[in-house]
2 protein chains.
Amino acid sequence: MSLEIIKTKLKEAGMKITPQRIAVLQALTGNKHHPTADDLIKTIWKVHSNISAGTVYHILNTLVSKKVIGKIETADNVVRYDPNMEKHHHLYLSDKHEIVDFFDDKLNGIIMDYLTKNNELDNINIEDVKIQIIGKVRKPQTGTSKYDK
Amino acid sequence: MSLEIIKTKLKEAGMKITPQRIAVLQALTGNKHHPTADDLIKTIWKVHSNISAGTVYHILNTLVSKKVIGKIETADNVVRYDPNMEKHHHLYLSDKHEIVDFFDDKLNGIIMDYLTKNNELDNINIEDVKIQIIGKVRKPQTGTSKYDK
DNA sequence: TATTAAATAGGAATTATTCCTAATTAGAAA
DNA sequence: TTTCTAATTAGGAATAATTCCTATTTAATA
C-alpha cells in the first residue's frame with residue numbers, strides 16, 4: 001500500500017496523519033500474513049526503534065474501531081490483524097497454524113439467502129456472517145497447492 | 001447434566017473422576033451461556049472455595065483437548081467454553097455481547113457441498129467449518145424474539 | 001506562527017494464563 | 001481391603017499480552 005493511499009485512508013477515517021500511524025499501516029500491509037501486535041511491533045522497530053509498544057496497541061485499536069483494518073480471532077486465540085477490509089473469510093491451516101484469506105462472493109450470497117429465509121432468525125438483523133474453514137493441506141499432493149509454501 | 005452423565009463422559013475420555021473435574025463440568029453445564037474461565041472459577045468458588053484457579057484452567061484445557069467440551073473465540077477476544085459438542089454455530093448478539101447457539105444441519109450440508117466443489121480448496125482436507133452470525137435483535141419487535149430475555 | 005486537542009513515549013499496572021513443585025489422591029493391582 | 005504409583009491438585013510465582021497513566025510532543029486549524 002503506497003504512502004498516498006495510507007494517508008488517504010487515515011484522512012477518510014478522520015484520523016490525524018502521524019509517522020507512527022503510517023509505520024503501523026506500512027508494517028501491516030507489507031505483511032502477507034495476519035500478524036499479531038507483537039509481530040508488528042518487531043517489524044516497526046527494525047526501522048523506527050523509537051515507537052512505543054503501547055502506541056502501536058493504541059493505534060491498532062483505533063484503526064479497528066474506525067474500520068480501517070480488521071481484527072481476527074484464531075483457533076489458538078491470538079489476536080491478529082488484517083489489512084483487508086473487503087468481505088472475505090478465513091481458511092485456517094490447522095497443521096501450519098496459518099491463516100489464508102478466502103474470497104467467495106457466491107458463497108456469501110448462498111448463506112445470506114439461506115439465513116434470511118430461516119424463521120429462527122426472523123427477529124435478528126444480520127450484520128455479518130463469518131466463515132472459518134479449518135483444514136489441512138492434503139499430504140500426497142504437498143508441494144502442488146497454492147497454499148503450500 | 002447429571003452426576004452420572006458427567007462421570008460417564010470423564011470415563012469415556014479416559015480421565016480420572018475427581019471432585020474438581022466434576023465441579024468444573026457442573027459449573028459449565030449448569031450455565032446457559034458460554035462462560036469464561038473466570039466465570040467458572042467464581043461459580044465454583046461459591047460451593048468449593050478450595051479449588052485452585054490454576055486447576056480449573058488445567059482441567060478446562062484437558063477437557064478441550066479430549067473433546068469433552070468446546071472452546072470458542074469471541075469478537076471481544078475472551079476465551080469462552082461450550083459444554084455442547086454437537087455440531088453447531090454461534091449467533092453473536094452484538095448489542096448484548098451475548099452468544100447464542102445456532103443449530104442447523106441443513107446449512108452445514110449446503111456449505112460443505114459448496115466448498116467441496118470449489119477448485120481453490122481441492123488440496124485442502126476440510127476438517128470443520130464454523131459460521132459466526134453477527135447481528136442484533138430487531139428493535140420494534142423487542143420482547144417477541146426467542147433471543148430476548 | 002500560535003493554539004489546542006489529539007497523539008505519543010515510557011513505564012507502571014492489570015489481567016489472563018501458564019508454570020513450578022510438593023503434597024494429595026484415584027484407580028489399578030495384589 | 002490395602003498398597004502402589006502415576007496422575008492430579010494447591011498455592012503461589014512467573015510470564016505474556018494488553019491497558020492505563022501522565023507528562024511531553026505534535027498535527028492540523030485558524
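None of these values were measured; they are calculated from a predicted model. First the proteins, then the strands, lettered A, B, ... as listed; each starts at 1.
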Lys/Arg N to Asp/Glu carboxylate O, Lys117(B) vs Asp113(B), below 4.0 Å
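A salt bridge is absent here (no side-chain N lies under 4.0 Å from a carboxylate O).
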
Looking at residues at least two apart in the chain, or sitting in another chain, which of them share a side chain to side chain contact (heavy atoms under 4.5 Å, CB included) with Lys46(A)?
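With neighbours one apart ignored, the set is empty.
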
Can you sort out the partners of Ile5(A) under side chain to side chain contact (heavy atoms under 4.5 Å, CB included), two or more places apart, ordered by chain and number?
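Listed in chain order: Met1(A), Ser2(A), Lys9(A).
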
Do [X] and [Y] touch side chain to side chain, with heavy atoms closer than 4.5 Å?
X: Leu10(B); Y: Lys66(B); answer: no
X: Ile41(A); Y: Thr36(A); answer: no
X: Phe102(B); Y: Asn118(A); answer: yes
X: Lys71(B); Y: Asp82(B); answer: no

Tell me which residues in residues 53-60 of chain B lie within less than 4.0 Å of DNA chain D, going by non-hydrogen atoms.
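Only Thr55(B), Ile59(B) qualify.
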
Set of residues satisfying ring-ring contact (aromatic ring centres under 6.0 Å, His included) with respect to Phe103(B), sequence neighbours excluded:
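Per chain and number, Phe103(B) pairs via ring-ring contact (aromatic ring centres under 6.0 Å, His included) with His88(B).
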
Test of understanding: with ring-ring contact (aromatic ring centres under 6.0 Å, His included), list the residues that count as partners of His89(B), not counting sequence neighbours.
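Partners of His89(B) by the ring-ring contact (aromatic ring centres under 6.0 Å, His included) criterion come out as none, since no residue qualifies.
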
For Lys7(B), enumerate each residue passing the side chain to side chain donor-acceptor pair (under 3.5 Å) test, keeping only those at least two apart in sequence or located in another chain.
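Lys7(B) satisfies side chain to side chain donor-acceptor pair (under 3.5 Å) with no residue once adjacent residues are dropped.
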
For Asp128(A), what residues pass the side chain to side chain donor-acceptor pair (under 3.5 Å) criterion, not counting sequence neighbours?
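Per chain and number, Asp128(A) pairs via side chain to side chain donor-acceptor pair (under 3.5 Å) with Lys87(A).
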
Along DNA chain C, first and last positions that approach a heavy atom of chain B under 4.0 Å
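For DNA chain C, the relevant span reads dA16(C) to dG27(C).
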
Under 3.5 Å donor-acceptor pairs involving side-chain atoms of residues 18-29 of chain B, not counting sequence neighbours:
residue, atom, partner, partner atom, Å
Thr18(B), OG1, Arg21(B), N, 3.1
Arg21(B), NH1, Lys16(B), O, 3.0
Thr29(B), OG1, Leu25(B), O, 2.8

Starting from the first five and the last five pairs of the helix from dT1(C)-dA30(D) to dA30(C)-dT1(D), work out the angle between the resulting helix axes, to 10 degrees.
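Computed from the C1' atoms at both ends, the axes differ by 40°.
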
In whole angstroms, how far is the C1' atom of dA17(D) from the NZ atom of Lys71(A)?
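Checked: the NZ to C1' distance equals 12 Å.
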
Just call it for Asp38(B): base, sugar-phosphate, or nothing, with non-hydrogen atoms closer than 4.0 Å on any strand.
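Nothing, no heavy atom under 4.0 Å.
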
Of residues 40-52 of chain A, the positions that come close to DNA chain C - non-hydrogen atoms, cut-off under 4.0 Å:
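Contacts with DNA chain C under 4.0 Å: Asn50(A), Ile51(A), Ser52(A).
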
Where do N or O atoms of nucleotides 27-30 of chain D meet protein N or O atoms at under 3.5 Å, pair by pair?
residue, atom, partner, partner atom, Å
dA27(D), O3', Ile17(A), O, 3.3
dA28(D), OP1, Ile17(A), N, 2.7

